[in-house]
Protein chains: 2
Amino acid sequence: MGKVLTMPFEGSLENLSATTAPQDVSLEDAATFDVLRKMREDILCCVLKPDQKLRFGELRQRYGTSVGTLREALSHLVSEGLARTEAGRGFQVAPISLADFLDLSELRVYLEIRTLADAIRHGTDAWEAEIVSSYFLLNKLAPPRQDDPVSVKREWGKRHKRFHDSLVATCRSPWSLHFRSELFDQARRYHWLTMIHARSRRRNEHLELRDAVLARDVDLACGLIEKHIRTTVQQAASEVPGLTLDMAKRKKA
Amino acid sequence: MGKVLTMPFEGSLENLSATTAPQDVSLEDAATFDVLRKMREDILCCVLKPDQKLRFGELRQRYGTSVGTLREALSHLVSEGLARTEAGRGFQVAPISLADFLDLSELRVYLEIRTLADAIRHGTDAWEAEIVSSYFLLNKLAPPRQDDPVSVKREWGKRHKRFHDSLVATCRSPWSLHFRSELFDQARRYHWLTMIHARSRRRNEHLELRDAVLARDVDLACGLIEKHIRTTVQQAASEVPGLTLDMAKRKKA
DNA sequence: ATTTTATAAAGTTTCGAAAATCCGTTTACA
DNA sequence: TGTAAACGGATTTTCGAAACTTTATAAAAT
């Protein structure tokens, strides 16, 4: 658990960030990306449920677009790990399982620590300002529980993501940031399920995290984020019903 | 450099690998994936050069397929980081730079170590057999140099990948394997450039690696793979011409 | 000479129909 | 009764043409 040990990226001679890491497809404004964004959000928030078959007919209605456009978006979701496909038999929402959540969380611990440590070391005033700002917004909303309306849960999820993104924003490793981001989104699916069934209330870990980061205390901050992730897994494992024996949901179709 | 420290995935209660990690899109046999595979290979081998504009007209001829299919494949390449796109102005091959190679290699070191350590701990007879077999095939071909024909370079690249894949095949973390695989492919682009300009000859690092792995010596094997990756970066940095001042190739168009 | 505006060419994005494929059911045969 | 082949409906996959955007070219205006 202990030491942080992230090696800084001082190998890279220059910080010019004209890199090759995959594009985080949000800068785009074309119609395809609208659909992609919407579908991703719907999968993350389990509007489209795990294992659900994704038929073109229905999707076409739901998102008001053509087959080709849908196909492109779906193809994208597959490579993000949010959908699966088998040649000839269409697409379906990626399954979930405790084993998967554990696996991705372990990797997340490393990537969050790695990016956070580097971000703190290269933080700027603007970075601090955005952290303060995004924390403020997050804190304004109480962490949602099972009986809160969906819109509140969604908004909280958005602010939660923004806060965590702000923490690592000045990390200079595009690849680390990219993978961190993918895993964060994956985790959001499980977070959503946890919110749905949330019984226990957690203390304000985000505030501690914010302060440690602003104090530039790398070890403390990284320790906190690690605990934060692990606690989240624990909570999900103990409070989300169908998430223990893994594949007991195949019958759901 | 030292310690290996990869934490095993003993958190995951069961090893059933019915997971959610993104599909490695090679099991597919549809036409779209043929095109995707071919295009990926062409980018990796710099047939399609970094920064090159990818016009639909030309691609359509080259791969004998329709716009829609191409678009789907390109979209996939974007999320793998092998291409870029800007709404309204099409696609282009992802740029390369030394900074990028350094960045991805640092992350690769971690992921290769993580996956290799776990793979060794859970290796089976079949795993050992495949390592022996793939090493044999790799060793039959001498590492290609600048004057070797392209077909030889390609074949060697294929066998090289197969060997490295075989080493980590029994790793039980699908997400780690997935990201490792993406980064390995990224690195292949730079390896190709190195082969083109290779001056120095390296000793047989793959043999050492194979033996360390088969001897189940985790620390040694991980140390070797780390050195292997770092050496490759060094070689590329010193022997590939345009790969020092990063963006001196914007003029190439 | 430089900027601005208009026009044409090139290229990209979207769409829905046609071809191919899969899946469940019925029919034929041993 | 059980197995295999064959049909029909549903769904996916592929395609190229139409609509739209950007880029290049040329003429007009400052």
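Just so it is clear: chains get the letters A, B, ... in the order the sequence lines come, proteins before strands, and each one is counted from 1.
Between A:K153 and A:D148 there is no salt bridge, since no side-chain N of the basic residue sits under 4.0 Å from a carboxylate O of the acidic one. Checked for salt-bridge contact, A:R159 and A:E155 meet the test: a charged N lies under 4.0 Å from a carboxylate O. Ion pairing between B:E58 and B:R55 holds under the 4.0 Å rule for side-chain N and carboxylate O.
The phosphate of D:dC15 has OP1 or OP2 within less than 4.0 Å of a side-chain N or O from B:T69. Side-chain nitrogen and oxygen atoms of B:K53 include none within less than 4.0 Å of the OP1 or OP2 phosphate oxygen of D:dT23. Residue A:T32 places at least one side-chain N or O under 4.0 Å from the OP1 or OP2 atom of C:dT14. At least one side-chain nitrogen or oxygen of B:R71 sits closer than 4.0 Å to the OP1 or OP2 atom of C:dT13. One finds no side-chain N or O of A:R55 lying less than 4.0 angstrom from the OP1 or OP2 phosphate oxygen of D:dT12.
Note: CD (B:E58) to P (C:dA10) measures 13 Å, nearest angstrom. Atom pair B:E72:CD and D:dT13:C1' shows a separation of 9 Å (rounding to whole Å applied). Whole-Å rounding puts the B:E86 CD to D:dT21 P distance at 16 Å. At whole-Å resolution of the value, CG in A:L54 and P in D:dA10 are 20 Å apart. Rounded to a whole Å, the CZ atom of B:R89 is 11 Å from the P atom of D:dA24. In this structure, CG of B:L70 is placed 12 Å from P of D:dT14, rounded to the nearest angstrom. Atom-to-atom, CG of B:L59 to P of D:dC15 comes out at 14 Å; the value is rounded to the nearest Å.
The residue A:L74 sits apart from the nucleic acid: no heavy atom pair falls under 4.0 Å.
Using a 4.0 Å cutoff on non-hydrogen atoms, the parts of residues 60-68 of chain B near DNA chain C are B:V67, ordered by number.
The aromatic rings of A:W156 and A:H160 sit parallel, their planes meeting at an angle under 30°, below the 60° perpendicular limit.
At least one test fails for B:R188 against the ring of B:F184: distance under 6.0 Å to the centre or angle within 45° of the axis. Taking the ring centre of A:Y110 as origin, the terminal cationic atom of A:R114 falls outside the region bounded by 6.0 Å and 45° from the ring axis.
Looking at A:S105, its side chain does come within 3.5 Å of a backbone N or O of A:F101 through a donor-acceptor pair.
Picking from D:dT12, D:dT14, C:dT13 the nucleotide with the shortest atom distance to the side chain of B:F56 gives C:dT13.
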